[in-house]
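Take a look at the structure set out below.
Hydrogens, waters and symmetry mates are skipped; everything else that's a heavy atom, side chains included, is used. Naming: A, B, ... by sequence-line order, numbering from 1 per chain.
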Amino acid sequence: KQEVTQIPAALSVPEGENLVLNCSFTDSAIYNLQWFRQDPGKGLTSLLLIQSSQREQTSGRLNASLDKSSGRSTLYIAASQPGDSATYLCAVQTGANNLFFGTGTRLTVIP
Amino acid sequence: DAGVIQSPRHEVTEMGQEVTLRCKPISGHNSLFWYRQTMMRGLELLIYFNNNVPIDDSGMPEDRFSAKMPNASFSTLKIQPSEPRDSAVYFCASSSPRGYEKLFFGSGTQLSVL
């Protein structure tokens, strides 16, 4: 069974710092990997989706990379802002209905 | 589009009562998912519909849980009878017909069973 791990579980950084969130998965036979953001009391918002044939995706200050062979993905956030504070989850898709989520990294950006 | 709409946002009920959660997916999306989120277990897939047909309900914890999708714009998740261990946030999500696309989540229903 696919297992998705996110380290660290929590991270605090000062505003303006660049940061990297990590995601690892045990089975490299994936269709895609998604990074989500979850604000307290809210649902998940999809930030970036990387297909298995791609190496990275970028959206604004966010850049996600995928190394399928090693079972790793990173989410890079440039010039962090207090509004980036949230929990970030990664999820790998192995079939039409099989989306395996990590437990998330809770990010706090300190003004 | 208004996104995935769930109701109610909060539900507090007593053990043994029936609970019905509702979801309206994004128009045009043909895949619908019900997830449950708890601190201990994270996000768990309960059931997945494609074109209104339940495809995989292996995540439904017990027979007390049932889900229906009578048409493309509405789905329900029912718990009968409810138990305190069912307390969690229940999310509905939908995705487009192209497959393997981004998943769009509703705001969730916070369920508390006393």
Side-chain angles (χ1 to χ4, degrees), chain A residues 1-10 23-26 29-54 57-59 62 64 66 68 73 75 86-106, chain B residues 2-7 9-10 21 23-26 29-51 53-60 67 88-112:
Chain A
K1 180 186 172 184
Q2 179 77 263
E3 292 186 5
V4 182
T5 304
Q6 291 186 248
I7 296 174
C23 173
S24 61
F25 47 96
T26 54
I30 65 171
Y31 287 99
N32 61 49
L33 182 145
Q34 293 188 59
W35 281 94
F36 292 86
R37 169 185 174 137
Q38 185 175 27
D39 293 283
K42 299 289 179 65
L44 282 70
T45 300
S46 183
L47 299 172
L48 291 165
L49 182 148
I50 312 176
Q51 301 291 353
S52 62
S53 58
Q54 298 174 324
Q57 282 287 325
T58 298
S59 176
L62 305 180
L66 174 64
K68 200 172 71 164
S73 175
L75 179 67
T87 296
Y88 291 81
L89 297 98
C90 70
V92 296
Q93 189 162 16
T94 60
N97 58 317
N98 289 342
L99 198 65
F100 294 89
F101 282 86
T103 51
T105 294
R106 187 172 69 252
Chain B
V4 177
I5 300 173
Q6 290 187 246
S7 64
R9 287 283 283 123
H10 302 275
L21 311 181
C23 174
K24 181 182 185 327
I26 291 174
H29 282 190
N30 71 335
S31 295
L32 184 140
F33 305 79
W34 282 100
Y35 284 89
R36 177 171 67 177
Q37 186 178 39
T38 61
M39 288 292 291
M40 291 295 294
R41 301 168 71 98
L43 270 162
E44 302 174 281
L45 176 65
L46 299 177
I47 188 168
Y48 156 63
F49 291 87
N50 186 257
N51 292 323
V53 176
I55 302 300
D56 183 358
D57 65 355
S58 59
M60 298 284 263
V89 181
Y90 291 80
F91 288 105
C92 176
S94 69
S95 66
S96 76
R98 291 187 295 273
Y100 308 110
E101 294 286 339
K102 285 186 177 182
L103 210 55
F104 293 83
F105 280 76
S107 299
T109 294
Q110 174 76 60
L111 174 64
S112 298

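- Looking at B:R9, only its side chain comes within 4.5 Å of chain A, counting heavy atoms on both sides.
- Only the side chain of B:Q37 has a heavy atom closer than 4.5 Å to any heavy atom of chain A.
- Counting all heavy atoms, side chain and backbone alike, A:L99 lies closest to B:Y35 at CB-OH, 3.5 Å.
- Looking at A:F100, there are no atoms closer than 4.5 Å to chain B (heavy atoms on both sides), in backbone or side chain.
- The two atoms that bring B:F91 and A:Q38 nearest to each other are CZ-NE2, 3.4 Å, heavy atoms only.
- When A:T45, A:L47, A:L49 are each tested for a side-chain contact (heavy atoms from CB on, under 4.5 Å) with B:K102, only one passes: A:L49.
- Scanning both residues, B:L43 and A:F101, for their nearest heavy atoms gives CD1-CD2, 3.6 Å.
- The environment of CD in A:E3 is sparse: at most 12 heavy-atom neighbours from other residues, nucleotides or ligands sit within 6.0 Å.
- Expressed to the nearest 0.5 Å, how far CD of A:Q93 lies from OG of B:S95 amounts to 7.5 Å.
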